[in-house]
Amino acid sequence: AAPGGTFTEECRVYMRYQGQGHEIAVAPPADALLDRSGAGVRSAFEDAYERLFSRSIPAMEIEILTWSLRLVSGSKNNVRLGDAAASAGEARSAQTSDAINGFRLVDREALKTSAAVEGPVLIAEDQTTSVVPAGFVAGIGVGGALILERIK
């Protein structure tokens, strides 16, 4: 969605000492995730555990229950949606007259790169349906990603 752009990401690893009934969310630094030995992730867990419980258990095995990438974002300057006002008429031809709970239906394949639709709208495709609430405009960005922008 943002070719050549700078991205930020937020990774969480849900970990616990083996046998415990509750895990904690740990945000290890990116370089720790690349370390195949696991030492960086272990260190991040022990630091987080010690902050929460004022102690660690150095000889205890650690379990990882879930890896989660919670956020990937790029600068708004890295994406181009197109002029929503100029292309709204073009996108209307892609819309059907059907509505579900006040949301118009749009086939994503029918949207052109420069087209934009104003919410409330459901953008349907084979694998998913994207919800565009009122107050937002959606279109296909230069990389083919669906881009939503708040209407000012």
Side-chain angles (χ1 to χ4, degrees), residues 1-16 20-52 62-152:
T6 303
F7 296 95
T8 58
E9 58 190 40
E10 184 179 307
C11 179
R12 292 279 188 265
V13 183
Y14 294 84
M15 307 171 71
R16 65 184 179 195
Q20 289 185 323
H22 181 71
E23 65 275 3
I24 63 172
V26 178
D31 60 340
L33 298 173
L34 300 174
D35 177 9
R36 289 185 167 276
S37 74
V41 174
R42 180 180 189 85
S43 177
F45 170 75
E46 289 174 341
D47 290 346
Y49 195 91
E50 193 160 335
R51 276 192 307 277
L52 285 169
I62 295 172
E63 297 176 319
I64 296 175
L65 282 75
T66 305
W67 298 83
S68 172
L69 182 60
R70 295 181 45 179
L71 175 69
V72 175
S73 63
S75 166
K76 184 173 177 162
N77 295 333
N78 294 334
V79 296
R80 292 191 310 271
L81 178 58
D83 184 344
S87 59
E90 184 178 336
R92 278 191 187 83
S93 65
Q95 299 174 13
T96 70
S97 59
D98 297 333
I100 298 174
N101 293 333
F103 285 82
R104 295 180 324 278
L105 297 176
V106 174
D107 179 16
R108 181 180 172 145
E109 290 297 316
L111 288 175
K112 296 184 176 148
T113 302
S114 63
V117 291
E118 189 172 326
V121 66
L122 299 173
I123 300 175
E125 55 188 303
D126 289 341
Q127 302 299 320
T128 191
T129 298
S130 301
V131 177
V132 182
F136 285 82
V137 64
I140 307 297
V142 291
L146 185 63
I147 308 291
L148 275 71
E149 290 183 352
R150 186 181 300 273
I151 299 170
K152 295 176 181 156

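None of these values were measured; they are calculated from a predicted model. Values below: all heavy atoms of this structure, side chains included; hydrogens, waters and symmetry mates excluded.
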Determine the minimum heavy-atom distance between [X] and [Y], stating which atoms define it.
X    : Y    : result
G40  : A32  : C-CB, 3.6 Å
D107 : A124 : OD1-O, 3.5 Å
V137 : A116 : CG2-CB, 3.7 Å
A25  : R12  : CB-CD, 4.0 Å

Sequence neighbours excluded - salt bridge (Lys or Arg N to Asp or Glu O under 4.0 Å) pairs with any residue from residues 132-145: none
Student check: side-chain heavy atoms of [X] and [Y] closer than 4.5 Å:
X    : Y    : value
V132 : V117 : no
L146 : I123 : yes
I64  : V41  : yes
L52  : I24  : yes
L111 : V106 : yes
L33  : C11  : yes

L34: which residues meet the side chain to side chain contact (heavy atoms under 4.5 Å, CB included) condition with it, sequence neighbours left out? none
Results of side chain to side chain donor-acceptor pair (under 3.5 Å) for E109 - residues two or more places apart only: none
Under the side chain to side chain donor-acceptor pair (under 3.5 Å) test, which residues partner E63, sequence neighbours left out? R16
Would F103 and V131 count as a side chain to side chain contact (heavy atoms under 4.5 Å, CB included) here? Give the steps. CA-CA 9 Å; F103 285 82; V131 177; 3.8 Å; yes
Determine which pairs satisfy side chain to side chain donor-acceptor pair (under 3.5 Å) with at least one residue from residues 128-143, sequence neighbours left out, and list them in order. none
I need the full list of side chain to side chain donor-acceptor pair (under 3.5 Å) pairs touching residues 33-44, with sequence neighbours left out, sorted by first then second residue. D35-S37, R42-E46
Applying ring-ring contact (aromatic ring centres under 6.0 Å, His included) as the test, list every pair that has at least one member in residues 31-51; sequence neighbours left out. Y17-F45, Y17-Y49, F45-Y49, Y49-F53
Hits for salt bridge (Lys or Arg N to Asp or Glu O under 4.0 Å) against E125, two or more places apart or cross-chain, chain-then-number order -> R108
